[in-house]
Each structure stands twice: as structure tokens, then as C-alpha cells.
Amino acid sequence: MDRLREQPEPLSLASLVSLTGQHENTLREHLAALVRRGLVHRHRAEPRGRGRPAWLYELVEDGPARTEYAGLAAALAGAIARISQDPRRDAAEAGEIWGREIARQHDATPLSPAAARDRAIQVLDELGFAPETSAAAPQTTRLTRCPLLEAAYRHQDVVCEVHLGIVRSLLTEHGADPAGTTLVPFAEPGACLLTVPPVDGSGPHA
């Protein structure tokens, strides 16, 4: 229930497996019990391709607004994946445009490379990614929450490239070189890994 509450959209069983690291049979039993108790709502995802659509799960208390927003995001990601000749490139470009807009709304100013990295992580926190960064290794950040987890699971190349484009654009707008910045989706149970290359001679808040 906590995992469902943390995400802003309904989740499939496969997404919950990636998020929790639990076996799908274990999760299926827990979800069935929550549905029987009226705590979780289950409905079919939109059909795509052959086969029966996956079940999606959400807390009853969350209402329809999140579902509609998540459905729009998934639809847009799906459209890019189908229509674009180079979905990853176009998704990254969309993310960069979004990142520039965010930076300019916050009056972006040139910063040291490490401070620009910190600012990018702060924006990710504001966007709902719940980043975790160690002072001992500030170049690596665990993103423990995805605002569009189900869409990312279904259209990983598109959604995750948008998110990476946001980070690279934020770094650029604050005067830092985004070269070498990477995002590894679902790198470990419950987290994606964002890496911004180390900055020589500076700490996490230089």
C-alpha cells in the first residue's frame, strides 16, 4: 500500500515487481487481498498489441485524477514511440526543452559544476523523484520514486530519455557540462541510478 501511495499513477504487477524486488506471486497474493478488502482498485490497462491488457492497481483513496494524468502521459509516450523515427532523440530533446523552461522559471544563473549538479538534484526532488545522494559519492544519485513509473515501464526509452534530458538541460543552463551524465532505469529494486560525472577539486556543495 505504501508503494502504491507513493506513486502518482496506477501500477501494473510488473512495475511493482521492479519497484519492490518482490516475487510476482507474492505481490499477486497481497494485491488480491487488498482488492478483496476494498483498499485497492484493479482495472485493465488500455489495450496495446496482442494479448490481454495488464491489470493496473491503485489505492481507492487516490481518486480518478491521477489515473487521467498518468493515462495522458502514457498516451503521449506511446505516440512518440510509434510516430517518431528516433524516439530516444526526440524524447531527450523534449526533456531538454522542459529543463530549460524549469531553469528559466527559477532565474537560472551560472554556478560551479558541483553546485549546478546539486541544483539539478533539487529540481528532481521538487518534481517528485525522491533523490538520495551520498556526500561521499555526490556523482551518483538514487532516484527512489518515479512520477511516471507505469509509463516508464511501458515506454522506457521515451520516458527515461525525457528525464535524462531534463537533467542535462538543467546542468547546461547553470553553466555546467552535461557530458557523461547517464540515467540507468530500474538499476536496482526501487531505484534508478543517475550519474553526473565527478567534479575535480570540489565537494557536493562547492
Side-chain angles (χ1 to χ4, degrees), residues 1-12 14-23 26-27 30 57-59 62 66 69-70 73 91-92 95-96 98-99 102-103 105-106 108 111-206:
M1 289 184 68
D2 287 340
R3 291 295 177 267
L4 290 171
R5 183 177 291 111
E6 290 167 358
Q7 300 300 326
E9 59 183 333
L11 300 179
S12 65
S15 293
L16 283 165
V17 169
S18 297
L19 184 66
T20 65
Q22 298 292 318
H23 193 278
T26 300
L27 290 175
H30 286 304
Y57 299 87
E58 63 180 328
L59 290 185
D62 290 327
R66 288 195 335 168
Y69 173 75
E96 290 167 5
W98 189 1
I102 293 172
Q105 286 175 357
H106 290 77
L111 301 170
S112 70
R117 177 185 58 214
D118 286 352
R119 177 58 186 142
I121 300 306
Q122 180 184 349
V123 170
L124 290 179
D125 192 22
E126 294 169 358
L127 292 175
F129 287 88
E132 296 179 355
T133 303
S134 167
Q139 70 274 13
T140 302
T141 299
R142 298 175 70 250
L143 304 180
T144 63
R145 184 176 182 272
C146 179
L148 296 173
L149 180 62
E150 187 59 35
Y153 187 83
R154 294 170 60 182
H155 305 288
Q156 180 176 308
D157 285 350
V158 173
V159 175
C160 298
E161 283 297 321
V162 169
H163 295 160
L164 180 58
I166 290 172
V167 175
R168 288 177 171 166
S169 187
L170 288 169
L171 292 170
T172 300
E173 290 297 310
H174 287 291
D177 185 357
T181 300
T182 61
L183 175 62
V184 181
F186 310 115
E188 58 185 64
C192 301
L193 291 184
L194 173 69
T195 300
V196 179
V199 180
D200 294 337
S202 63
H205 299 284

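Numbering of residues begins at 1 and proceeds along the displayed sequence.
Contact record, D157 with E161: O-CG, 2.8 Å, taken as the closest heavy-atom pair. Closest non-hydrogen pair, E173 versus A103, comes out as CB-CB, 3.6 Å. Across all their heavy atoms, L59 and M1 have their closest contact at CD1-O, 3.8 Å. The minimum heavy-atom distance linking A116 with A176 is given by the pair CB-CB, 3.6 Å. Of all the heavy atoms in A152 and C146, the pair that sits closest is CB-SG, 4.2 Å. Shown here for L170 and G99, the closest heavy-atom pair between the two residues is CD2-O, 3.6 Å.
With T144 contributing its side chain and A130 its backbone, the two residues share a donor-acceptor pair below 3.5 Å. One N or O on the side chain of T172 and one on the backbone of R168 form a donor-acceptor pair closer than 3.5 Å.
Residues L11 and E58 form no side-chain contact, since every pair of their non-hydrogen atoms from C-beta on lies 4.5 Å or further apart. In this structure the side chain of C192 never reaches within 4.5 angstrom of the side chain of R142, judged on heavy atoms. You'll find the side chain of T181 reaches within 4.5 Å of the side chain of L171, heavy atoms only. Here the side chains of L194 and V184 are not in contact, with every heavy-atom distance at 4.5 Å or above. Side-chain atoms of R119 and L111, non-hydrogen and from C-beta on, do get closer than 4.5 Å to each other. Between L4 and L16 there is a side-chain heavy-atom pair separated by less than 4.5 Å. A 4.5 Å side-chain heavy-atom check between L183 and H163 finds at least one atom pair inside the cut-off. Residues E132 and T141 are not in side-chain contact: their nearest non-hydrogen atoms beyond the backbone lie 4.5 Å or more apart.
Remark: H30 NE2 to T20 OG1 distance equals 9.5 Å, nearest 0.5 Å. Here the OG1-CZ distance, from T133 to R117, works out to 8.5 Å after rounding to the nearest 0.5 Å. In this structure, CZ on R145 lies 10.5 Å from CG on D125, to the nearest 0.5 angstrom.
Counting heavy atoms of neighbouring residues, nucleotides and ligands inside a 6.0 Å radius, atom CZ of F186 exceeds 12 of them.
Residues S18 and S15 have side chains that never bring a donor and an acceptor to within less than 3.5 angstrom of each other.
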